[in-house]
Novice: 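Next up is a structure, given as structure tokens.
Here is the naming used below: chain letters follow the sequence lines, and residue numbers restart at 1 for every chain.
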2 protein chains.
Amino acid sequence: MKPVNAQLPRGARLYLPDEAARKRHVESRLFDVFRRWGYREIVTSTFEYADVLARGTDLGVQENMFKLVDRETGRMLALRADITPQIARIVATRLREEPKPLRLGYVTSVFRYDEPQVSHYREFYQAGVELIGLEKPEAEAEVIAMAIEGLRALELDRFQLDLGHPDFFRGLLEEIKADGGRQQELREALARKDVSTLERVVGEIAPPAHVGDALCALPTLFGHAGVLEQAAGHARNERSARALANLSEVYRLLTIYGLADDVLLDLGEVRGFDYYSGTYFEAYVSGFGASVAGGGRYDHMLGRFGYECAAVGFAFDVARVLAVMEAQGVDVALPGPDFFIIDFTREKTAALSLARRLRDAGASVARDIISRGLEDSLAYARAQRVRHVLVVGSPRTAADQLLALDLAGGGERTLAVRAVLERPEQHFAEAKGKSHA
Amino acid sequence: MKPVNAQLPRGARLYLPDEAARKRHVESRLFDVFRRWGYREIVTSTFEYADVLARGTDLGVQENMFKLVDRETGRMLALRADITPQIARIVATRLREEPKPLRLGYVTSVFRYDEPQVSHYREFYQAGVELIGLEKPEAEAEVIAMAIEGLRALELDRFQLDLGHPDFFRGLLEEIKADGGRQQELREALARKDVSTLERVVGEIAPPAHVGDALCALPTLFGHAGVLEQAAGHARNERSARALANLSEVYRLLTIYGLADDVLLDLGEVRGFDYYSGTYFEAYVSGFGASVAGGGRYDHMLGRFGYECAAVGFAFDVARVLAVMEAQGVDVALPGPDFFIIDFTREKTAALSLARRLRDAGASVARDIISRGLEDSLAYARAQRVRHVLVVGSPRTAADQLLALDLAGGGERTLAVRAVLERPEQHFAEAKGKSHA
């Protein structure tokens, strides 16, 4: 019998058990970091009215939202393309009276009609946080420190956070008063780190000399503490100067956190230009072309929903993290059941009581329900990565005994059924209670 | 400033932090049961081609799917309205060569244009399992035992599983050879337990006496072991007899599991008629009108995707579970951060090192970043349900000390900062490592 045509749409993503276990590992490690920093989960709805979502979403993403007509009202609905606008709306409408700051976290999927790429799907999973109600640079420092702790909790190597601030460049743009087209050319040249085009465009605009120098210096303004001094000479307008002061303070706090080495300042970075109102970052891992996490300050976001309130946050891209872990050979344990019980007796009472006792002790226990020969059952158990096989009713043991085979460590023991029922933890480390962890 | 119009569509559901914590509690308790029975997670995509999903979905649910046009292909997409058909498709296409049985579990949301009701939304969360590749009644017994263990893990009281088998009634229908309209009338009367209508319709059909007796007896065929004997007298056709034999065997196994008291046999139950091919159940909790979980055997499901294979499963309705827990007063601990650190010193070094040390020990730690008076900070900490407040730089302590206030238990202590940094677990039970649990 052949499978019927049952293909998945492009960009749809499913996770088979091994992949799902790795995904859950990533999500729970990050969630545990969020918890340890005092963040609490919030769950948003998958669909909302498209115009409500659009209010907090940049045009490029808006155009890529999955849209559908609400059967009841005829209004357009959309699947969430970003969690931040949803949380901004919830805070502005349901949590505005709550004492600030709010520390909120989420682990969920978002939907965008992006071109599917390696490790990127049209439904993709994010784990992130929002810290709402704090204007101080300590807020940026907190979420950046959390992002770094997240990368460490995932055991990723050779990562780096690129830190930028859109207002440094915005201040320079205000000084030259160039038109939108010119500004766009500058941004594109900067985004490509294309120095010769940048210099040509600056030459054509012919701004005051110090601004021209500053614009042309942007691609070189990346590195550690020295960059701040270097940039200070270029920040003659107030907006650029304020941006630099903010970035310097965030950097100082990260130095106290002991994290300055993990951070690269980059004032020529313009990728987050449209989204962020202040310091922002992207986390990169050596050898992987796309950022695995990104975030920053977006103080304008809640205002779009009628409640002016400062906010910073970040999100990890779970699928990209998984790709990096695979590339770096980070091992995630994918254990099968702790126990697999094969019962050759007719009444199966021993199997049922053993299973119950071991599960109550926190172990995972699968039972062999199919009748097959011992060798076939063992082959199945191995394929399932079972740790211990318990055989009841084997011709090699007495009626009140069982045979315990250690598939992971090797070796076999004959144990009294009653002894295992009475004190499973004396015979198996797995029965020491990890229930409801 | 007023919030802008930012309403949610009808039936969309969000979970604020307290509700999200309760939801996560329910999901992780159930997930832990799944794990202890050897089930592994599978993650399906939220959207698929509508015709592919429809193949595994009954007409009533098909009509209530959220549909949208795929921008790329013009084909209709739909949001999943049920996880089982998705898993059936995945097993039929991607896992058919895997050794059976497969034990799969999931925790996710599904979407239906149902009329929103109390505890029921158009996006609702399910936690469930599928046991694939086992024809024996032990498979039904396993998932029913798991469902009961799930109800217990959730600490729900006064629950009961109604067990039915559609083939008992189907066999009787075959005997009378009534037309579709008549069959429908019988089903509706049975569903309402409307004995007088049932008797009238049976009278009009005028079947052989023993079939008429059987049909009229259906509403009374519920209870414990005695029902099986009672029903045996009515099961003269092969289909009804086989159904009864299957149900008897499941019941016998549940008796060995020690679970017979939690189960009510109900041969007049026709609610799962269209969906199930064998023994099925609904879990009810006293005083709550809707079932909180349901499942059974659907051996036809994988065949719809080109791979004939036996399957049983169930799903819990998370929102209904939450409603029942609330009604029964089941308490879910909603702890805030273990620690809240207030640092009145300028350099904040003590706060940062304390926070790091306590987090590394597995505790959750929030920092007070807003500058405010101690009383305001304590009020905020209480609102966040913080357990311990650590005050650094208080006028009441020396420079190398901190003040530890136990907001939950009451009392305050003065501790040396260094002592807490060196051995946090000696001073706080919360710092005993629950990280990556």
Novice: Is it the backbone or the side chain of B:Val69 that comes under 4.5 Å from a heavy atom of chain A, or both, or neither?
Specialist: backbone
Novice: Could you look at B:Glu142 and say if it's the side chain, the backbone, both or neither that has a heavy atom under 4.5 Å from chain A?
Specialist: side chain
Novice: Taking the six-membered ring for Trp, are A:Phe66 and A:Tyr113 parallel (under 30°), tilted (30 to 60°) or perpendicular (over 60°)?
Specialist: parallel
Novice: Below 4.5 Å from any heavy atom of chain A, which atoms of B:Arg252 appear? Answer side chain, backbone, both or neither.
Specialist: neither
Novice: Please determine whether a side-chain nitrogen of the Lys or Arg among B:Glu48 and B:Arg89 lies less than 4.0 Å from a carboxylate oxygen of the Asp or Glu.
Specialist: yes
Novice: For the backbone of B:Leu14 and the side chain of A:Thr44, can you confirm whether one donor and one acceptor N or O come within less than 3.5 Å of each other?
Specialist: no
Novice: Name the option with the most non-hydrogen atom pairs under 4.5 Å to chain A; the candidates are B:Asp51, B:Val365, B:Leu352.
Specialist: B:Val365
Novice: Of all heavy-atom pairs between B:Phe34 and B:Tyr106, which one has the smallest distance, and what is that distance?
Specialist: CE1-O, 4.0 Å
Novice: By a 4.5 Å heavy-atom criterion (distance strictly below it), what part of A:Phe111 contacts chain B: side chain, backbone, both, or neither?
Specialist: side chain
Novice: Please identify, among B:Arg40, B:Arg122, B:Arg356, B:Gln86, the residue contributing the most non-hydrogen atom pairs under 4.5 Å to chain A.
Specialist: B:Arg40
Novice: Relative to chain A, which segment of B:Phe47 carries a heavy atom at a distance below 4.5 Å: side chain, backbone, both, or neither?
Specialist: both
Novice: Has A:Asp343 got a side-chain atom pairing as donor or acceptor with A:Ala351's backbone, closer than 3.5 angstrom?
Specialist: yes
Novice: Using non-hydrogen atoms and a 4.5 Å limit, figure out which bit of A:Leu77 sits close to chain B: side chain, backbone, both or neither.
Specialist: side chain
Novice: Given heavy-atom pairs under 4.5 angstrom as the criterion, report whether the side chain, backbone, both or neither of A:Asp18 touches chain B.
Specialist: both
Novice: Considering non-hydrogen atoms only, spot the tightest contact between A:Lys67 and B:Leu68 and give its length.
Specialist: O-CB, 3.5 Å
Novice: Can we say A:Arg29 and A:Asp32 salt-bridge, meaning some charged N sits less than 4.0 Å from an Asp/Glu carboxylate O?
Specialist: no
Novice: Counting only non-hydrogen atoms closer than 4.5 Å, does A:Arg152 touch chain B with its backbone (N, CA, C, O), its side chain (CB onward), both, or neither?
Specialist: neither
Novice: Examine whether an atom of B:Ala12 lies under 4.5 Å from a heavy atom of chain A, and if so say whether it belongs to the side chain, the backbone or both; otherwise answer neither.
Specialist: both
Novice: Can you check whether A:Gly38's main-chain N or O pairs, donor with acceptor, with B:Ser364's side chain at less than 3.5 Å?
Specialist: no
Novice: Between B:Ala383, B:Ala21, B:Pro99, which shows the greatest number of heavy-atom pairs under 4.5 Å with chain A?
Specialist: B:Pro99
Novice: At a heavy-atom separation under 4.5 Å, does A:Lys348 approach chain B through its side chain, its backbone, both, or neither?
Specialist: side chain
Novice: Chain A heavy atoms under 4.5 Å from B:Ile370: which part of the residue, side chain, backbone, both or neither?
Specialist: both
Novice: Counting only heavy atoms closer than 4.5 Å, note whether A:Ile369 contacts chain B via side chain, backbone, both or neither.
Specialist: both
Novice: Should the pair B:Arg10-A:Glu72 be classified as a salt bridge under the 4.0 Å nitrogen-to-oxygen rule?
Specialist: yes
Novice: For B:Thr73, is it the side chain, the backbone, both or neither that has a heavy atom under 4.5 Å from a heavy atom of chain A?
Specialist: neither
Novice: Looking only at heavy atoms, which two atoms of B:Ala20 and A:Val43 are closest? And how far apart?
Specialist: CB-CG2, 4.0 Å
Novice: Looking at chain A, which one of B:Glu98, B:Glu19, B:Arg94, B:Glu135 has the largest number of heavy-atom pairs inside 4.5 Å, strictly under?
Specialist: B:Arg94
Novice: Between B:Tyr125 and chain A, with a heavy-atom cut-off of 4.5 Å, which part of the residue counts as in contact: side chain, backbone, both or neither?
Specialist: side chain
Novice: Could you check whether A:Ser109 and A:Arg13, counting side-chain N and O atoms only, form a donor-acceptor pair closer than 3.5 Å?
Specialist: no
Novice: Using a cut-off of under 4.5 Å on heavy-atom pairs, state which of A:Arg24, A:Glu347, A:Lys136, A:Lys100 scores highest against chain B.
Specialist: A:Arg24
Novice: Taking all heavy atoms of A:Gln384 and all of A:Pro337, pick out the closest pair and write down the distance.
Specialist: O-CD, 3.5 Å
Novice: How many angstroms lie between atom CZ of A:Arg103 and atom CH2 of A:Trp37, to the nearest 0.5 angstrom?
Specialist: 9.0 Å
Novice: Which bit of B:Tyr39 is near chain A, if near means a heavy-atom gap under 4.5 Å: side chain, backbone, both or neither?
Specialist: neither
Novice: Contact part of B:Tyr49 toward chain A, heavy-atom cut-off under 4.5 Å: side chain, backbone, both or neither?
Specialist: both
Novice: Got a salt bridge between B:Arg367 and A:Glu138, using NZ or NE/NH1/NH2 to carboxylate O under 4.0 Å?
Specialist: yes
Novice: Identify which of B:Thr349, B:Leu134, B:Leu104, B:Asp368 forms the greatest number of heavy-atom pairs closer than 4.5 Å to chain A.
Specialist: B:Leu134
Novice: Heavy-atom cut-off 4.5 Å, strictly under: side chain, backbone, both or neither for B:Ile42 against chain A?
Specialist: both
Novice: Look at B:Leu8, B:Leu53, B:Ile90 and state which one has the largest set of heavy-atom pairs under 4.5 Å with chain A.
Specialist: B:Leu8
Novice: Any salt bridge linking A:Glu149 with A:Arg36? Criterion: basic side-chain nitrogen under 4.0 Å from a carboxylate oxygen.
Specialist: yes
Novice: Can you tell which part of A:Leu358 gets under 4.5 Å to a heavy atom of chain B, answering side chain, backbone, both or neither?
Specialist: neither
Novice: Relative to chain A, which segment of B:Phe31 carries a heavy atom at a distance below 4.5 Å: side chain, backbone, both, or neither?
Specialist: side chain
Novice: Heavy-atom distances under 4.5 Å only: say whether B:Lys23 touches chain A with side chain, backbone, both or neither.
Specialist: side chain
Novice: Can you tell which part of B:Asp376 gets under 4.5 Å to a heavy atom of chain A, answering side chain, backbone, both or neither?
Specialist: neither
Novice: Would you name the heavy atoms of B:Asp338 and B:Ala363 that are closest together and state the gap between them?
Specialist: OD2-CA, 3.4 Å
